[in-house]
*Asks:* 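Have a look at this one.
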Amino acid sequence: MSSFHYYFGIPYSHDMGCTDTPGYNHPPCPACPQGDRPSRNLQRDCYTDVALPLYENLNIVEQPVNLSSLAQKYAEKAIRTSGRSFLLYVGLAHMHVPLPRTQLSTDPWSQRPYGAGLREMDSLVGQIKDKVDRTAKENTFLWFTGDNGPWAQKCELAGSVGPYSGSWQTHRGGSPAKQTTWEGGHRVPAVAYWPGRVPINVTSTALLSVLDIFPTVVALAGASLPRGRHFDGMDASEVLFGWSQTGHRVLFHPNSGAAGEYGALQTVRLQRHKAFYITGGATACDGSVGAERQHEPPLIFNLEDDVAEAVPLGGGSAEFQSVLPEVREALADVLLDIAGDNVSRADYTQDPSVTPCCNPYRTACRCQPR
């Protein structure tokens, strides 16, 4: 088994280090300190001790990175791929804060930072697609998606949840977006492109997950998944090629910061129904949060009728009584599956000796780009 042959990028989220071009953030973060001046950690969420590094393979080529030119650097590196078969993974900095200070468009909407950043992301993805269309259109599959909903505490820099407003939660405080298991927190758009294989102008209602990317790509490559472990994802080829509208019957959503034990399963999606055992609101634009609430029996919403998650099913309704046993059975099955699988825990301890730093003798680890 081999890993990626080439790497170019930032080793973590691009808000986890200072730059000389901080971009748009809420609240704003300062630029990296210059000379011998000390760090100015004015905001708790700002990182000012170490400049944000840009790696090419194992070497730091720029520190701090220039966020305003990062998208074009990514595009230039990505479109070099040609010839033999390849797997290209592009983890975009868009649309996370800080948003880069890009050249604003004459389009009124794109004159705002979020709109300008979205336009830049569209251009970057378009350059990659254009290269594929010129060189390997018939046998290259493009899959574009996001990782979570908007980060509400970043206000106008966060984007919109659209119709997935989590109304039940917003009426009780906090945000139903990123860091929550409300639809606005984890329902994301996805686009699949493969001329002649993926049908055009088709929207699928199949229940899929980013967990499906790995088994799908493995299947398309004609390979097999490793043995001796359980995979939550499925091969979604039949959905992508328009042969089926059947995705997952059940998905499970762990707590990701708003309420409950971090990483613990708190929400069960069962086809059109969604059951919450724990609810809570993440930090909203106004700074408010929603208190954690335990639910037994769970709150159950019918997302076909109520995508805004405004009114849960009545506990005495026939629909609630019918779906509750199925939800309990599905939750018991997944907990049993987890207990019988190989379980590992992430180690988030920090070792200062491995901090990415191309020049420890300069403030904020500065070095000149090559």
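Only this structure's heavy atoms are used, side chains among them; waters, hydrogens and symmetry mates stay out. Throughout, residue positions are numbered sequentially from 1 according to the sequence presented.
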*Asks:* Is the gap between the SG atoms of C365 and C357 under 2.5 Å?
*Replies:* yes
*Asks:* Under a 4.5 Å cut-off applied to non-hydrogen side-chain atoms, are Y74 and L124 in contact?
*Replies:* yes
*Asks:* Quick test of your reading of the model: are E62 and R366 salt-bridged, counting only N-O distances below 4.0 Å?
*Replies:* no
*Asks:* Would you say T181 and N255 make side-chain contact, with heavy atoms under 4.5 Å?
*Replies:*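 Not touching, per the 4.5 Å side-chain cut-off.
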*Asks:* Main chain of L54, side chain of Q63: is a donor-acceptor contact present, judged purely on distance under 3.5 Å?
*Replies:*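 No; judged by distance alone, with no hydrogens or angles, the pair does not exist.
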*Asks:* Should the pair K129-D133 be classified as a salt bridge under the 4.0 Å nitrogen-to-oxygen rule?
*Replies:* yes
*Asks:* Taking side chain as C-beta onward, heavy atoms only, is P176 less than 4.5 Å from Y164?
*Replies:* no
*Asks:* Taking the side chain as every heavy atom from C-beta outward, state whether L303 and R269 have any atom pair closer than 4.5 Å.
*Replies:*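 Side-chain contact under 4.5 Å: yes.
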*Asks:* Is the gap between the SG atoms of C18 and C46 under 2.5 Å?
*Replies:* no
*Asks:* Are R328 and E296 ion-paired here, with the side-chain N under 4.0 Å from a carboxylate O?
*Replies:*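 Judged by the 4.0 Å cut-off on N to carboxylate O distance, R328 and E296 do form a salt bridge.
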*Asks:* Does NZ or CZ of K77 lie under 6.0 Å from the centre of the six-membered ring of F8, at an angle within 45° of the ring axis?
*Replies:* yes
*Asks:* Can H26 and Q153 be counted as having a side-chain donor-acceptor contact under 3.5 angstrom?
*Replies:* no
*Asks:* Is any side-chain N of the basic residue among E156 and R112 closer than 4.0 Å to the acidic one's carboxylate O?
*Replies:*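 Salt bridge absent between E156 and R112.
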*Asks:* Between R197 and E138, does any side-chain N to carboxylate O distance fall below 4.0 Å?
*Replies:* no
*Asks:* If the plane angle is over 60° it's perpendicular, under 30° parallel, otherwise tilted; pick one for H295 and W168.
*Replies:* perpendicular
*Asks:* Under a 3.5 Å cutoff, is there a donor and acceptor pairing between the side chains of E319 and H273?
*Replies:* yes
